[in-house]
Protein chains: 2
Amino acid sequence: MTSQAVPPTTVDRLPVYLRCLLQAKGMRMPVINSVQIAEMAGTNAAQVRKDLSYLGEFGTRGIGYDVDSLITQLSRCLGVTEQRRVAIVGYGRLGSALQSYPGFEERGMRVVAVLDADPSKVGTAVNDTAVESIDELEAVVSREGVEIAVLTVPAEAAQAVANRLVAVGVGAIMNFAPVRLDLPADVAVRQADVAGELQVLSFHLELQGR
Amino acid sequence: MTSQAVPPTTVDRLPVYLRCLLQAKGMRMPVINSVQIAEMAGTNAAQVRKDLSYLGEFGTRGIGYDVDSLITQLSRCLGVTEQRRVAIVGYGRLGSALQSYPGFEERGMRVVAVLDADPSKVGTAVNDTAVESIDELEAVVSREGVEIAVLTVPAEAAQAVANRLVAVGVGAIMNFAPVRLDLPADVAVRQADVAGELQVLSFHLELQGR
DNA sequence: GTATGTGAAACGATTCACAGCT
DNA sequence: AGCTGTGAATCGTTTCACATAC
């Protein structure tokens, strides 16, 4: 039923659509159409319809999309009907900021473990989760059933830690260290590089002679 | 000299190339070729050459690229030969993590101002920068010559704060709030949405039946 | 009448393959 | 001989426009 081969560009937009639909639900809209979704998401209606059509036929011609049912469908496609089990590896400033970010729970992400190499940080309790030693990485990942890891360790450590995560079965990694990870093709990796993003903004300023 | 119309996909990769070159410089490599850059950056050689060719002719046939001079060229294109003046707006956990991130300075970004709406945070000194009131936004931006703003305010406040930033002449905004900003076309905007990124990873897990 | 779903057209990005320079 | 720079070919994405369904 779920057609294979959803284009990557489409996948990147799905979380945006889901956010818009939740917002529409918050505004008590029972039904929404592609023009409205596009407006909220910052794209155009044709794009919205094409994107959704890769996942199935969720709309009703002449009417639009039922907000609740489209939320259900998108959540299913994104695999966030159950909370995903997330570990934060590296409890520095960024790691701790992410650990206490309230936006995760409501979007299907539960932080179930926090790891750090620094013994002085280990044992610190944050919310209901304690910081555990990175030496215990394998045990913690198994015990908690970690599915996604967020890497906020120093750049030098990132590859080694990623290797260990993959070896214990973690299939998805979001990497905040400014290094490219070399991992098996079946592991999903997203790279976050804030300084790099700022440089892209700087490029645009430069173009305008600023 | 700088040819117009560099494809956006190319621009996104330029910070990656610059990072790789700095790494090569650190390894005392005087010269590098497109195969080596590609390997470090996680692309292929043809892509690297095409990308660089949009910016100019920086290489020497039969030899490769002089590392130092390519660093200079890329830094120039990205507009980071001088430090860019950055303001962090919203001194919550994420804002404070970014404020103290050491990776900015070495990549051409200087945090010159930190703003927050909470009076209890105002006046707190961090590094050499004090947190100032968001009421003073216009004055601070002018005084410090802010070029790029990093928005780490609550989602509800993001659009209003962004409007004020643009009105005082900020031309580039990196937005961490999970809302699409509606701004004039000449303002450069990058959206960061960590929860959304994690949902994309979740999609890939779901595909593999995980 | 209205809005979806989708082939076809237009557009943009990546890869190929080689001429041109060192 | 070796590596860049680049047209041409391929591939993927977006947009158009309309048949189809309500």
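It should be emphasised that the depicted structure is a prediction, and the values quoted were computed from it without experimental measurement. A note on names: the letters A, B, ... follow the listed sequences, proteins ahead of strands, and every chain is numbered from 1.
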Legend entry - Residues A:T81, A:R76; criterion side-chain hydrogen bond (donor to acceptor under 3.5 Å, both in side chains); working and verdict: CA-CA 6 Å; A:T81 48; A:R76 197 169 286 167; over 6 Å; no

Expected list for residues 58-72 of chain A near DNA chain D, using heavy atoms below 4.0 Å, is A:T60, A:R61

#### Entry: Electrostatic pair B:D12:B:R190 at N-O distance under 4.0 angstrom
yes

* Asked: Is A:D193 paired with B:R107 through a side-chain N to carboxylate O contact shorter than 4.0 Å?
  -> yes

Contact check, residues 16-37 of chain A vs DNA chain C, heavy-atom distance under 4.0 Å, returns A:N33, A:S34

Distance col, row B:E197:CD vs B:L201:CG, nearest 0.5 angstrom, shows 7.5 Å

Under 4.0 Å from OP1 or OP2 of C:dT14: is there any side-chain N or O of B:R13 that close?
yes

note: A:L52, atom CG; D:dT15, atom P; distance rounded to Å ~ 15 Å

Strictly below 4.0 Å, N to O, side chains only: are B:R180 and A:E39 in salt-bridge contact? no

* Going by atom types only, do B:D51 and B:Y17 share a side-chain donor-acceptor pair under 3.5 Å? -> yes

In whole angstroms, the gap separating C1' of D:dT14 from CG of A:D12 amounts to 15 Å

Rounded to whole Å, NZ of A:K50 lies from P of D:dA17 at a distance of 14 Å

Item to complete: Output yes when B:E132 and B:R143 qualify as a salt bridge under the 4.0 Å nitrogen-oxygen rule, no when they do not.
Response: yes

Against the side chain of B:R49, the closest entry in C:dT14, D:dG5, C:dT6 is D:dG5

The correct set of residues in residues 40-48 of chain A placing a heavy atom under 4.0 Å from DNA chain C is none

Between CD of B:Q73 and C1' of D:dG5 the distance, given in whole Å, is 16 Å

Taken to the nearest 0.5 Å, the spacing of A:I37 CD1 from A:R49 CZ works out to 10.5 Å

Result for salt bridge (Lys or Arg N to Asp or Glu O under 4.0 Å) between A:R110 and one of A:E144, A:E105, A:E147 points to A:E105

Tell me if the CD atom of A:E138 is crowded by more than 12 foreign heavy atoms within 6.0 Å. yes

- Task: Would you kindly say whether B:R84 and A:S202 are connected by a side-chain donor-acceptor distance under 3.5 Å?
- Result: yes

